[in-house]
Protein chains: 2
Amino acid sequence: MKAKSYSRQELIALLRRQGIAPTHQRLEIAHVLFSRCEHLAADQILALVNERHAETSKATVYNTLNLFRDCGLIREVIVDPKRVFYDPNTQPHHHLYNIDTGEITDIPAADLAISGLPDLPPGMVTEGIDIVVRVRTL
Amino acid sequence: MKAKSYSRQELIALLRRQGIAPTHQRLEIAHVLFSRCEHLAADQILALVNERHAETSKATVYNTLNLFRDCGLIREVIVDPKRVFYDPNTQPHHHLYNIDTGEITDIPAADLAISGLPDLPPGMVTEGIDIVVRVRTL
DNA sequence: GCCGCGGTTAGACAAAGTCCAATCTTTGAC
DNA sequence: GTCAAAGATTGGACTTTGTCTAACCGCGGC
């Protein structure tokens, strides 16, 4: 849960390292994503980015999120069939999902072990293993 | 992977046991779901049910799937942000998801163990733990 | 036969996300 | 700094998945 506040220069460097041109809009979106440790959906990001003055369109938010995802800067979290959440934490970890509140919490993968997984069919590679612990409030 | 073919009477009994009135449409949908061991999305079920002669509407398919889900007859599988899949297998199990083909395969939970899960915050109960192994074809 | 109640329906609607062609920025070469 | 090419952004139309609604159907009980 590094709530690190990235400087403009750090964000620019972060994007350039992935070969991404650091446009104004992308920096705004990166700032929203990386300066807080939440799991945000596209519409929330759109709202946050345009909070002060509207300058980023819906299309750009989606383009940018997909770009960041493809570059491995962020991860998609698929727990709610209604919308995708984006996770700035790219460390191996899993999720606790509160069905009632919609709240998503990280579970570090470090101290977690899964045993007994079957062998993969030949010609397949594991992209990742996602564990979602679905909880309800009593 | 019981590819059991349920008789009409068995399906009726199955629904009645859950207090569900066995209407024609519900039986058709139950038949499609339980007579094959696949993970189907709502639109696929709609198409399959109306294959011979159209007699079930989109609204009824969605109503019925939600009803079956609430009664525990089927499970939702959330792996693809585009659509929910419905799983007639209610035994504890997890999923292998092929990102490229969209194919979903069951992983029995029996021989699988997870250790090191953190304690839940107080006042919360686990509804279920879903593991998704995302694979790619080489 | 008639009533009432649940189930079904078409179609309108909503929300998430994609696509497109026009326009604007960024960048690298000079 | 200037300029052109390449790349990014945009509004709005569109698609897809799923929900809602109000009318309608059908069946059991009387």
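The shown structure was predicted, so the numbers you read here are calculated from the model rather than taken from an experiment. Protein chains get the first letters and strands the later ones, always in sequence-line order, with residue 1 at the start of each.
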Task: Donor-acceptor pair, side chain of A:Arg26 and main chain of A:Ala21, under 3.5 angstrom - done: yes
TODO: Starting from P on D:dG26, measure out to CG on B:Leu27 and report it in whole angstrom.
DONE: 17 Å
Task: A:Ile78 CD1 - C:dG17 P separation (whole Å) - done: 10 Å
TODO: Look at A:Gln25 and D:dT10 and indicate whether a side-chain polar atom (N or O) is within less than 4.0 Å of OP1 or OP2.
DONE: yes
- [ ] Compare the minimum distances between each of C:dT9, C:dG17, D:dT10 and the side chain of A:Arg83, then state the nucleotide with the smallest one.
- [x] C:dG17
Task: Any A:Thr23 side-chain N or O less than 4.0 Å from OP1/OP2 of C:dT25 - done: no
Open item on the list: Please check this pair: side chain of B:Asn98 against backbone of B:Arg136, looking for a donor-acceptor N/O pair closer than 3.5 Å.
Closed with: no
- [ ] Specify the separation, in whole Å, of atom CD of B:Glu28 and atom P of C:dG7.
- [x] 18 Å
Open item on the list: Measuring from the side chain of B:Arg26 (C-beta onward, heavy atoms only), which nucleotide among C:dG7, D:dC20, C:dT18 has the closest atom?
Closed with: C:dG7
Open item on the list: Heavy-atom count check: over 12 atoms from other residues, nucleotides or ligands less than 6.0 Å from B:His93 NE2?
Closed with: yes
Task: B:Phe85 CZ to D:dT16 P, straight-line distance once rounded to whole Å - done: 15 Å
Task: Side-chain N or O of A:Thr60 closer than 4.0 Å to phosphate OP1/OP2 of D:dT10 - done: yes
Task: Separation of atom CD in B:Glu55 from atom P in C:dG7, rounded to whole Å - done: 18 Å
- [ ] Take atom CD1 of B:Ile45 and atom P of D:dT17, then tell me their distance rounded to the nearest Å.
- [x] 13 Å
- [ ] Would you tell me whether A:His94 and A:Asp130 have side-chain atoms, one donor and one acceptor, within less than 3.5 Å of each other?
- [x] no
Task: Options D:dC20, D:dT9, C:dG17, nucleotide nearest the side-chain atoms of A:Thr64 - done: D:dT9
Open item on the list: What I'd like to find out is whether the side chain of B:Leu96 reaches to under 4.5 Å of the side chain of A:Leu120, using heavy atoms alone.
Closed with: yes
Open item on the list: On the nucleotide C:dG17, are OP1 or OP2 found under 4.0 Å from the side-chain N or O atoms that A:Asn66 carries?
Closed with: no
- [ ] Check whether any side-chain heavy atom of A:His95 sits under 4.5 Å from a side-chain heavy atom of A:Asp106, and report yes or no.
- [x] yes
Open item on the list: Given C:dT9, C:dT27, D:dT10, identify the nucleotide with an atom nearest to the side chain of A:Arg16.
Closed with: C:dT27
Task: Contact nearer the 5' end of DNA chain C, comparing B:Leu67 with B:Pro81 - done: B:Leu67
- [ ] Indicate whether OP1 or OP2 belonging to C:dG6 is found under 4.0 Å from a side-chain N or O atom of B:Asn63.
- [x] no
Open item on the list: Using a heavy-atom cut-off of 4.0 Å across all strands, would you classify B:Ala42 as base, sugar-phosphate, or nothing?
Closed with: sugar-phosphate
TODO: Please state whether the base of D:dG18 and the side chain of B:Lys58 form at least one donor-acceptor pair under 3.5 Å?
DONE: yes
Open item on the list: Output the rounded distance in Å from OH (A:Tyr86) to C1' (C:dG17).
Closed with: 9 Å
TODO: Tell me whether the OP1 or OP2 atom of D:dT19 has a side-chain N or O from B:Tyr62 closer than 4.0 Å.
DONE: no
- [ ] Rounded off to whole Å, could you give me the CG-to-C1' distance for the B:Leu15 and C:dG6 pair?
- [x] 15 Å
